[in-house]
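The sequence lines fix the lettering, A, B, ..., with proteins before strands; numbering per chain opens at 1. Keep in mind the model is a prediction, meaning the values are calculated, not measured.
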Protein chains: 2
Amino acid sequence: MNSVLDRDDQAHLLRIGDLARMTGKSVRAIHLYEELGLLTPRTRSSGGFRLFDPSAAEQLRWIELLHGLGFSLQEMRDLRRSWWSNELGPEAMEHLRELFERKLEETRDTVRRYQQLESELEQGLSYLQTCRACATPAEVAACVHCDQDHGMTSRPALVAGITSAPERARRRSGPGFVRIEDIE
Amino acid sequence: MNSVLDRDDQAHLLRIGDLARMTGKSVRAIHLYEELGLLTPRTRSSGGFRLFDPSAAEQLRWIELLHGLGFSLQEMRDLRRSWWSNELGPEAMEHLRELFERKLEETRDTVRRYQQLESELEQGLSYLQTCRACATPAEVAACVHCDQDHGMTSRPALVAGITSAPERARRRSGPGFVRIEDIE
DNA sequence: TCACACCCTTACGTAGGCGTTAGATTGCAG
DNA sequence: CTGCAATCTAACGCCTACGTAAGGGTGTGA
């Protein structure tokens, strides 16, 4: 029952709670975005209430977008700052272009990394799949201690880390030792 | 059964600093992993120095891998715990399988999201590219306030969010520009 | 005019993953 | 034996993106 401030031009402005409900953000979050300069209320009511114009919702969605894509609020602020800072013309854009290009490379890297992890996971699953088919040897008592290689050359990295023994239950590691001097 | 150390064995064990250098982790990080039960030194020197066997490096790489997958250290610990806790056989594995499958989906999602970012960035760059070709209108003073659409239907989302005005420098609805004096 | 939801500012809390002293040993080369 | 780097434990610091009061005004339908 608020937000109907039909006084002259304030009619179409939103209070922070309205904005919050519209965007699914919390009031606190919006405050924070403002502190960081990502969003500014168009004005305040005489009593000090923030009044936003509706485009603020789009701005919030932009923030959400970038946040979902791994930008920090700081980065967003820097982005905007660099754009608005100096009254440079084409240079501001050049700056932005460079930033975008860096981010693009980073992003491509990230994609590659995640694709690799995808494949790690697939290998892990495929390994565990072979375990399923394994006739559980009662003598060994549990898959957990299974020594079979199930036809795979070795345990995939993901599985190996989990099954590497904790505490002092470590199994004697296979061949060879390494000297400290040999490593570097 | 296994595991009683003779003196010679200690020659092949690593001190924490060696391990750190090998893996690029900090000493502090390794301490932390130990606190969380993700890694255990095989033994200690008589003076209390941690002595790891070289496979610890693999374990550290595993941690790194999962970290990159978005696992928290807690989750890793839980993973290992659930694996070693009950001597359940196939069930432990089933559990793990499910976990991997969930993570796999998540990862594919992540890949998609980043690919979307990639394309957003490309669009942004392409938009800014058109700016480059723009004969800078001297009257407007700066690209920053440029109103041209440069042949694109609209500003890409990334650019739009950045260029939406900060502070009280917002543009009025409709066409028109902002004076530099109005900014700041 | 009152009730009552909203909103204001200020400021401390949280969780994850370490960084960073700090003061006290330990290990090893010389 | 000395010296110096490496380690030890313990504990506080930091950053992010808010959550969550606390204490006190604001807006407005009844």
Side-chain angles (χ1 to χ4, degrees), chain A residues 1-8 10-11 13-52 56 59-60 62-79 179-181 183-184, chain B residues 7 10-52 56 60 62-79:
Chain A
M1 305 334 185
N2 49 47
S3 87
V4 194
L5 315 160
D6 38 16
R7 275 233 162 169
D8 30 56
Q10 301 206 346
L13 296 180
L14 304 166
R15 305 216 309 222
I16 198 170
D18 302 319
L19 196 53
R21 273 184 294 275
M22 285 172 61
T23 60
K25 297 293 178 187
S26 70
V27 170
R28 178 66 179 98
I30 298 176
H31 282 162
L32 179 64
Y33 300 153
E34 186 186 346
E35 278 173 39
L36 293 178
L38 294 176
L39 187 62
T40 312
R42 172 185 285 304
T43 182
R44 298 274 188 136
S45 75
S46 55
F49 285 19
R50 276 167 254 258
L51 297 173
F52 296 89
Q59 187 65 15
L60 281 173
W62 177 77
I63 293 172
E64 207 175 350
L65 179 66
L66 278 126
H67 183 86
L69 296 173
F71 281 79
S72 73
L73 298 180
Q74 295 285 348
E75 283 177 312
M76 297 180 210
R77 195 196 47 183
D78 295 346
L79 215 57
R179 299 206 182 179
I180 300 184
E181 312 90 81
I183 288 166
E184 298 176 308
Chain B
R7 292 158 197 147
Q10 300 217 358
H12 313 105
L13 296 179
L14 303 166
R15 305 218 307 221
I16 199 170
D18 303 318
L19 197 54
R21 275 185 293 275
M22 285 171 62
T23 59
K25 298 292 178 187
S26 70
V27 169
R28 176 69 179 99
I30 298 176
H31 281 161
L32 179 64
Y33 301 152
E34 186 186 346
E35 277 172 38
L36 292 178
L38 294 177
L39 187 62
T40 313
R42 175 187 270 306
T43 183
R44 298 276 189 134
S45 74
S46 57
F49 285 20
R50 275 166 257 254
L51 297 174
F52 296 89
L60 282 172
W62 177 77
I63 294 171
E64 205 175 354
L65 186 64
L66 279 144
H67 186 80
L69 268 168
F71 280 79
S72 71
L73 298 181
Q74 296 284 348
E75 283 176 312
M76 295 180 212
R77 195 196 47 183
D78 295 346
L79 212 57

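To the nearest angstrom, P of dC7(C) lies 10 Å from CG of L19(A). For the pair R15(A) CZ and dG27(D) C1', the interatomic distance rounds to 6 Å; values are reported in whole Å. Atom CG of L14(B) is separated from atom P of dA6(D) by 15 Å (rounded to the nearest Å). Following rounding to the nearest Å, L66(A) (CG) and dT16(D) (C1') show an atom-to-atom distance of 16 Å. With rounding to whole Å, L51(A) atom CG is found 12 Å from dG27(D) atom C1'. Whole-Å rounding puts the L38(A) CG to dT16(D) C1' distance at 13 Å. One can place CD of E35(A) at 13 Å from P of dG19(D), the figure rounded to the nearest angstrom. The distance between atom CD of E34(B) and atom C1' of dG17(C), rounded to the nearest whole Å, is 16 Å.
Residue V27(A) comes nearest to G17(A) through the heavy atom pair CG2-CA, 4.5 Å, listed as atom of the first residue, atom of the second, then distance. In plain terms, the two heavy atoms of S26(A) and A20(A) that are nearest each other are C-CB, 4.4 Å.
Residue-to-nucleotide proximity on DNA chain C shows that, of G17(A) and L36(B), the 5′-proximal contact is made by G17(A). Mapped onto DNA chain D by nearest heavy atom, S26(A) and F49(A) fall at different nucleotides, with S26(A) at the one closer to the 5' end. Both K25(A) and G47(A) sit near DNA chain D, but only K25(A) has its closest nucleotide nearer the 5' end.
With sequence neighbours excluded, no residue forms a side chain to side chain donor-acceptor pair (under 3.5 Å) with E64(B). In this view, F71(B) and L66(B), L69(B), E75(B), M76(B), L79(B), L99(B), K103(B) satisfy the side chain to side chain contact (heavy atoms under 4.5 Å, CB included) rule, not counting sequence neighbours.
Listed in residue order, the members of residues 70-78 of chain B having a heavy atom less than 4.0 Å from DNA chain D come to none.
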Open item on the list: Applying side-chain contact (heavy atoms from CB on, under 4.5 Å) to T43(B) and F52(B), what does each step give before you reach the verdict?
Closed with: CA-CA 7 Å; T43(B) 183; F52(B) 296 89; over 6 Å; no

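The phosphate of dG27(D) (OP1 or OP2) has a side-chain N or O of S45(A) nearer than 4.0 angstrom. Contact check, Y33(A) against dA17(D): no side-chain N or O comes under 4.0 Å of OP1 or OP2.
Taking the side chain as every heavy atom from C-beta outward, L14(B) and L51(B) never approach each other to under 4.5 Å.
Closest to the side chain of H67(B), out of dC6(C), dA17(D), dG17(C), is dG17(C).
Evaluation of the side-chain hydrogen bond (donor to acceptor under 3.5 Å, both in side chains) test over residues 28-38 of chain A, restricted to residues two or more places apart or in two chains, returns H31(A)-R50(A), E34(A)-R50(A).
To the nearest 0.5 Å, the span separating CG on L73(A) from NE2 on H67(A) amounts to 7.0 Å. In this structure, the separation between CG on L38(B) and CZ on R77(B) is 8.0 Å, given to the nearest 0.5 Å. Interatomic distance, CG of L19(B) versus CG of L60(B), reported as 5.0 Å (0.5 Å rounding).
Using a cutoff of 4.0 Å between basic side-chain nitrogens and carboxylate oxygens, R15(B) and D18(B) are not scored as salt-bridged.
Each of I30(A), I63(A), L32(A), I16(A) was compared with K25(A) under the side chain to side chain contact (heavy atoms under 4.5 Å, CB included) criterion, and only I30(A) meets it.
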Is there any protein nitrogen or oxygen under 3.5 Å from a nitrogen or oxygen in nucleotides 9-13 of chain D, and what are the pairs?
unit_1	atom_1	unit_2	atom_2	d
dT9(D)	OP1	R44(B)	NH1	3.1
dT9(D)	OP1	R44(B)	NH2	3.3
dT9(D)	OP2	R50(B)	NH2	2.1

Report, one pair per line, the protein and nucleotides 21-23 of chain D atoms (nitrogen or oxygen only) whose separation is under 3.5 Å.
none

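Nucleic acid contact for I16(A): sugar-phosphate only, since backbone atoms but no base atoms lie under 4.0 Å from a heavy atom of the residue.
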